[in-house]
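First the proteins, then the strands, lettered A, B, ... as listed; each starts at 1. Only this structure's heavy atoms are used, side chains among them; waters, hydrogens and symmetry mates stay out.
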Protein chains: 2
Amino acid sequence: MSSLRDVAERAQVAVSTVSAALNGTRPVAAGTKRRIEQAAAELGYRPNLLARGLQSKRTRILALLYPAPRSGFGLTEMQFATGAAEAARELGHHLLLSPENADPIEELRHLTGLGLVDGVLLMEVGLDDERAAFLAAAGVPFSMIGRTRDPGSIDYADIDFAATAGDAVAHVASLGHRSLALFNLSAGAYGDGYGPAIRAGEEFAAAARAAGIGYVDGHRPGSAEEGREAFERLMDAHPDVTALAVMDDHAAVGVIAAVAARGWRIPDDLTLMLVLSSARVAEMFHPRLTTLEPPGTELGRLGARMLVDRLSGDGPPQQRLVPCRLVAGDSSAAPPPKPRERRPA
Amino acid sequence: MSSLRDVAERAQVAVSTVSAALNGTRPVAAGTKRRIEQAAAELGYRPNLLARGLQSKRTRILALLYPAPRSGFGLTEMQFATGAAEAARELGHHLLLSPENADPIEELRHLTGLGLVDGVLLMEVGLDDERAAFLAAAGVPFSMIGRTRDPGSIDYADIDFAATAGDAVAHVASLGHRSLALFNLSAGAYGDGYGPAIRAGEEFAAAARAAGIGYVDGHRPGSAEEGREAFERLMDAHPDVTALAVMDDHAAVGVIAAVAARGWRIPDDLTLMLVLSSARVAEMFHPRLTTLEPPGTELGRLGARMLVDRLSGDGPPQQRLVPCRLVAGDSSAAPPPKPRERRPA
DNA sequence: TTGTACGCGTTATCAT
DNA sequence: ATGATAACGCGTACAA
């Protein structure tokens, strides 16, 4: 690879002049500049990122801290990564994919100690995330996709659960439903203090209250079988519920089976929505489910952009909430006119 | 961050001795070595990767060239990335996520010119992949997940389509089926020369021939609607087909609908398999589909490992084929005893 | 406007 | 066995 010196020789100038010309870091005569640029082009010169980083203390590399895939790991997480990578590239940065091992803190200490990355992007942030605490204490610039319980002045991009729940409730309310239930994420899949689970629960409750419709939660099925059981118990206890929002894809499978087993149909007897699931997944179902699709790419992009902003200058903290997109499928309809009964096949 | 010099001062030795002691690159007296190690530990010294890379011409960073998500982009691609990242970390390397833009070659030229990465990992390799040609010509070490038509001596890890097709055929044959059809990937989704589509087609044909059972292909539905139509046409032309392998998730949705519309049931009237789809997706269906799950993580790991091996020394080319894992679901059964008829509801 | 000289943190070569 | 010193390629004072 050709270096600054090669270009300098070819253009008959000093190395520093080449550097200046190429970076615009000080005035260079138009003629000289042209000669230099031509020489650089001819040699296919590319600045060496290592040397530049060593000198400037800025590598323009971001690390995406990648939690070890627990039970569920899907399209959304993929979108975080691709969104962040795209935005990083557009902003002249690179994205390092950094899978966490058993000891995330040690991993972080190592990673940041290398001098390789300028900042860190955190995924799957817990309500009391130790990684965030560590990074803040260590003075390492970082941003979060998701957020801790008390983000303070830390940059983050997260789902707007209030708006999302509002949209969902408005959707079913406008169809005429008077009572909505939520099947939340299972504790097993994500641990107990998982932010999205907690926030979704709170905001759905609030939205339903504000809209003046009934609301039931408490079930947290994490598999098809649990979804079946949960639906049965839900109908036993609250036969008036005509709309159901489910946060776990597999639980939805069970719900659908349970509905069919009763001789009921979707959407005639039950309006079913998927929450935090991509439209691609919703299309796998029959009928195609209405879904509240998380803005994965958008959040990834925002996270990266915020981090780059933070590295450049220091403005006020950027904290952005983005609602899910409601994609209406064929699983939404008006509630059944009369009380439903079991109609075994 | 503390540097080698800080450690040297603290241990009362020369910088070069510290370097030698820490890297074991030349003999160091036991006592000195202990002093140095202690000083390093006390200062929390971490070698600066940039400086080391600048000097040694090896950054221990791998780039995963990440194609812009086309239509279909799922869990498998995610697994490539996570597998590669994990393996890289275990081997003391880092993984850079590099999304491709409009001009992949220019992107590659840029990336490799930066001196930032030691080698490149290619995903979604085409039969005549220009990126592979470029890298080979440029002398940049790389390995492929997937493979070109003629890989020559390039390292790669790919799906073993022959074994996969063999397993699939054996599965349906052992259930008693005498005729199998394949719905291949649509040309639209992946372009026309997409390796997996072509290899799957060839190998299913060969496996069926070897097993002495009938084989039909030619349909390439890329959506639910196209899947419905394709199934209708298939049944019109080949009413004897009792087993169907589908490579596109969405097409499978249409097939299932078409089967139901005829008043048929899965698996009683049709054995349905998903090919190259993850078990997680297969579980979304009802009944749970039998699937040939691609070894995404494994391939990612292999690709990274091969690349690291190649960077370290140069042995013979490593070319590994890994078969898909057959996960039996509830969509496989013996063929119907009598010819099926339409049984409209 | 341009050139010279130094430092970033590391490894490698040469003396000692 | 250890220490001094020269690169690696770049940015940046400072001098010209």
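In the displayed structure, Arg58(B) atom CZ is contacted under 6.0 Å by more than 12 heavy atoms of other residues, nucleotides or ligands.
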Next item on the list: Given side chain to side chain contact (heavy atoms under 4.5 Å, CB included), test Val125(B) with Arg147(B) step by step and report yes or no.
Entry: CA-CA 6 Å; Val125(B) 179; Arg147(B) 62 191 198 269; 5.6 Å; no
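For the segment residues 30-43 of chain B, no residue has any heavy atom less than 4.0 angstrom from an atom of DNA chain C. Shown for residues 6-21 of chain B: residues whose heavy atoms fall under 4.0 angstrom of DNA chain C, namely Ser16(B), Ser19(B). A heavy atom lying under 4.0 Å from DNA chain C marks the following residues of residues 46-59 of chain A, by number: Leu54(A), Gln55(A), Lys57(A).
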Between the protein and nucleotides 14-16 of chain C, which nitrogen or oxygen pairs come in under 3.5 angstrom?
none

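Considering only heavy atoms from C-beta on, Ile159(B) comes within 4.5 Å of Pro295(B) through its side chain.
Arg109(B) has a carboxylate O that lies under 4.0 Å from a charged side-chain N of Glu106(B), or vice versa, which qualifies the two as a salt bridge.
Taking CG from Leu97(A) and CG from Leu62(A), the interatomic distance works out to 12.5 Å, rounded to the nearest 0.5 Å. With rounding to the nearest 0.5 angstrom, the OG1 atom of Thr112(A) is 10.0 Å from the CD atom of Glu107(A). Rounded to the nearest 0.5 Å, atoms OH (Tyr45(A)) and CG (Leu22(A)) are 6.5 Å apart. Going from atom NZ of Lys57(B) over to atom CG of Leu50(A) covers 9.0 Å, rounded to the nearest 0.5 Å.
Asp160(B) and Pro323(B) make their closest contact through CB-N, 3.6 Å (heavy atoms, listed as atom of the first residue, atom of the second, distance). In terms of heavy atoms, Ala63(B) sits closest to Leu95(B) at C-CD2, 4.1 Å.
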List, one per line, each side-chain donor-acceptor pair under 3.5 Å for residues 130-141 of chain B, sequence neighbours excluded.
unit_1: Arg131(B); atom_1: NE; unit_2: Asp129(B); atom_2: OD1; d: 2.9
unit_1: Arg131(B); atom_1: NE; unit_2: Asp129(B); atom_2: OD2; d: 3.4
unit_1: Arg131(B); atom_1: NH1; unit_2: Glu100(B); atom_2: OE2; d: 2.5
unit_1: Arg131(B); atom_1: NH1; unit_2: Met123(B); atom_2: O; d: 3.4
unit_1: Arg131(B); atom_1: NH2; unit_2: Met123(B); atom_2: O; d: 2.8
unit_1: Arg131(B); atom_1: NH2; unit_2: Glu124(B); atom_2: O; d: 3.1
unit_1: Arg131(B); atom_1: NH2; unit_2: Asp129(B); atom_2: OD2; d: 2.9

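The side chain to side chain donor-acceptor pair (under 3.5 Å) contacts involving residues 24-40 of chain B comprise Gln38(B)-Glu42(B), where partners must be two or more places apart or lie in separate chains.
Applying salt bridge (Lys or Arg N to Asp or Glu O under 4.0 Å) to Asp155(A) and the options Arg305(A), Arg310(A), Arg320(A) leaves one that passes, Arg310(A).
Nucleic acid contact class of Leu4(B) (heavy atoms, under 4.0 Å, all strands): base.
Taking atom CG on Leu22(A) and atom P on dC10(D), their separation rounds to 10 Å, with Å as the unit. The CG atom of Asn23(A) sits 17 Å away from the P atom of dG9(D) (whole-angstrom rounding).
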